[in-house]
Amino acid sequence: MSLPHAILTALLEKPSSGLELTRRFDKSIGYFWSATHQQIYRELGRLEAGGLIRGLPAKEPARGQKKDYEVLPAGRAELARWTAASQEPKPYRDALLLRLRAAAVVGTAGLQTDLEHHLELHERQLAKYREIEERDFPPGRDSPEDRLRHLVLRAGIDLETFWAQWLRHALEEFVELPGQDPQ
């Protein structure tokens, strides 16, 4: 996935200013694809220079007026091309898993506390995703667009559920290791 495609997606959903895009990234797309305010503005400039989006004229002239952007036909075509293209899954890398592997040869000091911290973070994220699901996807909201958006949210829910379950299991295993003092 790339930031330009995330921005094109967001702008096709709703023409927005850079500031609005940043806020929308924080509230939705940011759960699976994050970007800073500076990255978004830099990419908006590239997309506009490339003829994929355009800035809309301000309704009223004002100093510091925010500029709204909309996707041009070339931008829609690029997003459609990218969406249809095949892509191999990326290998998963996680430092916590590597640290557990390393603990087998150097010891487990500090890992139980970190496992507990990770569990707390994943449980918190899972609760947030479930709140979003309840709020944004009530029964009967099943347009094709809503179903696809819900599918993305379900991926987040399922991943956080997996991590919370795996971390609980890891903590159970961890305390049963020889030489471990329960905290």
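Being a predicted model, the structure only gives us computed values, none of them experimental.
To the nearest 0.5 angstrom, His169 atom NE2 is 11.5 Å from Leu115 atom CG. Put simply, CG on Leu72 and CG on Leu11 are 10.5 Å apart, with the number rounded to the nearest 0.5 Å. Rounding to the nearest 0.5 angstrom, the gap separating the CZ atom in Arg99 from the OG1 atom in Thr108 is 11.0 Å. Tyr69 contributes atom OH, which lies 13.0 Å from atom CG of Leu8 (distance to the nearest 0.5 angstrom). Rounded to the nearest 0.5 Å, atoms CD (Gln125) and NE2 (His122) are 9.0 Å apart. Taking CZ of Arg76 as the start and CD of Glu70 as the end, the distance is 11.0 Å to the nearest 0.5 Å.
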Stepwise side-chain contact (heavy atoms from CB on, under 4.5 Å) test for Leu151 and Arg147: CA-CA 6 Å; Leu151 190 60; Arg147 292 175 70 182; over 6 Å; no
Verdict with reasoning, Arg154 to His150, per side-chain contact (heavy atoms from CB on, under 4.5 Å): CA-CA 6 Å; Arg154 283 298 322 167; His150 193 193; 3.8 Å; yes
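What you find for Leu3 and Ala35 is that their closest heavy atoms are CD1-CB, 3.6 Å. The minimum heavy-atom distance linking Leu79 with His5 is given by the pair CD1-O, 3.7 Å. Taking both residues in full, the closest heavy atoms of Ala10 and Leu21 are given as CB-CD2, 3.6 Å, listed atom of the first, atom of the second, then distance.
Listed by first then second residue, pairs satisfying salt bridge (Lys or Arg N to Asp or Glu O under 4.0 Å) with a partner in residues 134-144 read Arg141-Asp146, not counting sequence neighbours.
A donor-acceptor pair is defined here as one N or O able to donate and one able to accept, closer than 3.5 Å; such a pair exists between the side chain of Glu48 and the backbone of Gly55. Proximity of a side-chain donor or acceptor of Tyr129 to a complementary backbone N or O of Asp158 within less than 3.5 Å is not detected. Here the side chain of Glu20 pairs a donor or acceptor atom with the backbone of Ser17 at under 3.5 angstrom.
The ring pair (Phe, Tyr, Trp, His ring centres under 6.0 Å) test applied to Phe25 returns no partner, not counting sequence neighbours. For the side-chain contact (heavy atoms from CB on, under 4.5 Å) test, residues two or more places apart in sequence or in another chain that qualify with Leu121 are His117, Arg124.
Relative orientation of the Trp163 and Tyr92 rings is tilted, given thresholds of 30° and 60° on the angle between their planes.
For the pairing with Ser16, the side-chain hydrogen bond (donor to acceptor under 3.5 Å, both in side chains) check across Arg24, Arg23, Lys67 returns one residue only, Arg24.
Counted within 6.0 Å of CZ on Arg168, heavy atoms from surrounding residues, nucleotides or ligands total more than 12; the atom is thus considered enclosed.
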